[in-house]
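Note sheet for the following structure.
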Amino acid sequence: MTTLTLPGLIDVHTHLRVPGGEHKEDFTTGTAAALAGGVTMVLGMPNTTPPIAMADVLAQTRARAAQEILCDVGLFAGASPEHTAELPALGEDAVALKIYLNDTFGTLRVEDVPTLRACFAIWPREKMIAMHAEKRSVAVGIGMAAAYRRPVHFCHISRREEIELIADAKMAGLPVSCEVTPHHLFLNRDDAERLGPLGDMRPILGTTDDVAALWEHINDTVDCVATDHAPHTIAEKQGEKYPPGVPGVETSLPLMLTAVADNRLTLERVIALMVDNPRRLFNLPAQADTRVEVDLTPTIIRAEDMHSKCGWTPFDGREVAGRVARVILRGEVVYEDGQVLAAPGFGQVI
Ligand code: NCD
Ligand code: ZN
Ligand code: ZN
């Protein structure tokens, strides 16, 4: 058995569904899934019910996280036109700001310029502004980064036109960064057809040319691999108006290690994409005495092995190059052979 030891991974894009979506996921199940994926730090998105767009919701959600999480968690604040007055207070305790420019799950949306200006003028300069921006909205985000001379991070970039635009902006010296998801790297339109609602998310799965473009840029333009872990229940996915989003936090490392085995990128690059760049871009604290041990035996991903409350994965049945055997966080064994050993509250709120 070949084993590999890696640093604890950081996933800067997860939906832990607290408050209001606890039937899909909660802080304990979401962070259990993270540990099962070798992820020891996650950032949680604010498109909850109610959204994390007001300081009192952020404070209550952080307090709940402190009791319930198994790995370390930072929470995003969400920008909304109704609550720009809350931005200074949110800026104190949120790890970063999220702006949704396009349609997706939840009600958070920013479509007007005054709200965008308020965000860029008020949000603390040392904290990241991340955007859900598709197609032309990526150009809006690049324009804001240029106008205010401050970093912008693009979530789940999925199309050739988007990654090429970001490459151009980087060439021009603008402070932009981006993440890609494993589902956009390993699935395409054919999979969307095969999977139906279980292969539907925003942005939707790309064409084979879009997927090729993401791989062409994996060693330069792409800064992070983040999962956009977006659990919804099977019942919701089987409904008439099913919500977009797929889980992913516990399958990302095995998929990326499969790409390493296939010589699509190096292990060093995987560590840059999943540990070093996320930490640097979001200014996240180091985790002492923390590591992940991987067993490099080919393994089949099975829905029934998942720890997420939603209990399914779009990668069910896929063979990958290895599995997470053991996770050590701050010197404690928190995951071993499929069992989560950390107690709720062991994780720290960032
Ligand atoms: C996400 C969700 O379910 O919260 N869904 C998705 O399709 N990606 C929202 C988002 O990340 O845009
Ligand atoms: Zn999004
Ligand atoms: Zn998301």
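Both ligands and their constituent atoms are indexed starting at 1 by order of listing.
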Quick check for you: to the nearest 0.5 Å, what is the distance between Leu97 atom CG and Ile52 atom CD1?
12.0 Å
Here the gap from Phe282 atom CZ to Leu43 atom CG, rounded to the nearest 0.5 Å, amounts to 6.0 Å
Contact check, His13 vs ligand 1, heavy-atom distance below 4.0 Å:
yes
As a test of reading the structure, name the N/O/S atom of His156 that is nearest the Zn ion (ligand 2).
NE2
The Zn ion (ligand 2) - name of the N/O/S atom of His132 that sits closest to it
ND1
Do any nitrogen or oxygen atoms of [X] come within less than 3.5 Å of a nitrogen or oxygen of ligand 1?
{"X": "Arg17", "result": "yes"}
{"X": "Arg202", "result": "yes"}
{"X": "Phe105", "result": "no"}

Going by the side chain to side chain contact (heavy atoms under 4.5 Å, CB included) test, name the single residue among Asn277, Val275, Asn283, Leu281 that passes it with Arg279.
Val275
Just checking, any donor-acceptor pair under 3.5 angstrom between side chains of [X] and [Y]?
{"X": "Gln287", "Y": "Thr40", "result": "yes"}
{"X": "Thr299", "Y": "Glu319", "result": "no"}
{"X": "Asn102", "Y": "Ser137", "result": "yes"}

Per-atom contacts of ligand 1 with Gly245, taking only distances under 4.0 Å to non-hydrogen atoms:
5 (N), 6 (C), 7 (O)
With heavy-atom distances below 4.0 Å as the criterion, list the atoms of ligand 1 near Met201.
7 (O)
Quick one: do Asp103 and Arg109 make a salt bridge, cutoff under 4.0 Å?
yes
Salt-bridge criterion met for Arg160 and Asp209 (N-O under 4.0 Å)
yes
Taking atom 11 (O) of ligand 1 as the point of reference, which of Met45, His229, His15, His132 owns the nearest heavy atom?
His15
Heavy-atom proximity to atom 10 (C) of ligand 1, best of Asn102, Asp200, Thr104, Asn47:
Thr104
Examine Cys155 and say whether one of its N/O/S atoms is closer to the Zn ion (ligand 3) than 2.8 Å.
no
With the Zn ion (ligand 3) at the center, what angle do NE2 from His15 and OD1 from Asp228 span, rounded to 10 degrees?
90°
Closest non-hydrogen protein atom to atom 5 (N) of ligand 1, residue and atom name please, with distance?
Pro244 O, 3.2 Å
Among protein heavy atoms, which lies nearest atom 8 (N) of ligand 1, and at what distance?
Asp228 OD2, 2.8 Å
Near-ring test His156/His13, centroid separation under 6.0 angstrom
yes
